[in-house]
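Read the structure below first, then the notes.
These values consider heavy atoms only, across backbone and side chains, with no hydrogens, waters or symmetry-generated copies. Ligands are counted one by one from 1 in listed order, and the atoms in each one are counted from 1 as well.
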Amino acid sequence: MLSRAADGPDGPLTFIPGAYRERFLLPSDMVYLDGNSLGPLSHSARDAVADLASRQWGESLISSWNEHGWMEAPRRIGAKIAPLIGAQADEVVVCDSTSVNIFKLAAAALLARPGRTTVLSEPGNFPTDLYMIEGLKRLRPDLDLKLVPRDEIAAALDEDTALLLLTHVHYKTGEMFDMGVLTAATHKAGALTLWDLSHSVGAVPVSLNRTQADLAVGCGYKYLNGGPGAPAFLYVANRHQQGLTSPLSGWLGHESPFAFDDAYRPAEDIGRWRAGTPPMLSLAALEAGVGQFEGVDMQDLWDASQKLSQRFVERVTGQCAEVELISPSAPDARGCHVSFRFHSAYEVVQALIAEGIVGDFRAPDAMRFGFTPLYLSLEEVERAADRLVDILATGRWRQPEFAVRKGVT
Ligand SMILES: *Cc1c(COP(=O)(O)O)cnc(C)c1O
């Protein structure tokens with residue numbers, strides 16, 4: 001799949017799992033296997049938010065938009081995310097949420113394929129991806145959202161397909177699509193691709209340019225450690241930048257916002273995808289989070305993650321027959337998280353959390369664990385696996401308090 005020969009889960013690693021642990025403020029008695037859902041706080045993010053609030057906002061006030069580079073932050077941070085996803089610096093911008101960015105790019109892609117009315121995706125895709133197209137359908141009643149199982153997607157592409165919308169690494173199972181193969185098939189059918197990289201960026205190597213991907217979006221608060229609700233990013237391949245325009249034509253996507261013209265003229269560059277004023281407190285945290293990846297090779301990091309997840313999977317499945325791995329068993333066919341099916345997955349996850357092992361539950365019956373080598377060591381992962389096995393063997397998860405459902409799982 002990837003041209004570079006990886007050492008795989010059993011070979012020597014270039015990135016030692018847990019090497020950056022000291023950069024993060026993680027409780028010492030916690031094994032955090034949920035960095036795929038909310039990345040932890042880094043010292044540099046904490047300091048950046050404090051500095052932005054007290055020194056920049058507090059002392060420089062409105063002049064900060066110029067003096068502290070606030071207005072350029074969406075492009076600047078986009079340029080820092082670009083190498084993580086195989087893109088050019090001027091193809092990525094940080095703005096809005098992943099959900100909103102899906103809407104913007106999908107709407108623009110549909111306008112670029114007049115006469116075609118199908119958005120193709122898979123059942124069980126992350127809900128927001130599907131919901132956003134449902135919302136678009138209310139504006140474009142001719143639109144058809146067609147959901148086909150992943151192994152039938154290539155065959156379902158046809159002359160009516162406008163857009164292929166897929167999540168590269170599945171949020172629940174961790175299954176990974178072959179971006180190059182599906183993008184090529186999509187182009188052959190005359191359609192565009194929109195990849196959701198929420199579980200890919202900062203997790204696995206992504207090659208948007210090499211695979212000729214058209215459009216992409218991704219999340220700032222998961223592997224990028226950008227903080228709760230961090231702004232998202234979007235990617236538009238250079239060859240599409242003049243041809244596609246955001247349907248949310250806000251003033252900060254204007255060619256010259258401070259000309260205050262009545263008529264909208266989109267910026268020439270990736271900045272046209274911005275809508276409103278950048279959320280600077282959030283961007284300060286995101287920039288620091290992205291900064292942790294400087295000098296880190298994504299293949300090295302993924303190799304380390306495969307070693308962690310494989311050790312966890314082997315230790316759990318080797319000692320416990322009750323749980324079923326619903327992620328691909330080959331580590332290089334999945335992202336950086338794995339999920340197991342168990343009838344009382346919610347209760348088991350709660351019992352684990354009570355013992356300092358933090359994973360999450362995904363309805364209806366999956367327990368999900370993320371393996372983030374920046375701050376997770378092999379020893380911690382082994383400890384977490386043994387704890388899971390023990391909780392299942394003793395039935396500790398049956399304690400009634402673990403069955404109490406919380407709003408966020
Ligand atoms: C987490 C996630 C999102 C998040 O969207 P928000 O708009 O940030 O809430 C979107 N897509 C996928 C695949 C995700 O995993």
Checklist outcome for this item: Here the salt bridge (charged side-chain N to carboxylate O under 4.0 Å, His left out) pairs for residues 87-104, sequence neighbours left out, are D96-K104
Item to check | Residues S44 and Q292: side-chain donor-acceptor under 3.5 angstrom | outcome: yes
Item to check | Option among T128, I133, L139 that satisfies the side-chain contact (heavy atoms from CB on, under 4.5 Å) test with F103 | outcome: L139
Next on the checklist: As a test of reading the model: which residues have a non-hydrogen atom less than 4.0 Å away from ligand 1?
Outcome noted: S97, T98, S99, F126, T128, D129, T167, D196, S198, H199, Y221, K222
Checklist entry - Should D390 and R396 count as an ion pair when the cut-off is N to O under 4.0 Å? => result yes
Next on the checklist: Could you check whether N125 and H170, counting side-chain N and O atoms only, form a donor-acceptor pair closer than 3.5 Å?
Outcome noted: no
Checklist entry - Taking the six-membered ring of F177 as reference, does the NZ or CZ atom of R150 fall below 6.0 Å from its centre and within a 45° cone about the axis? => result yes
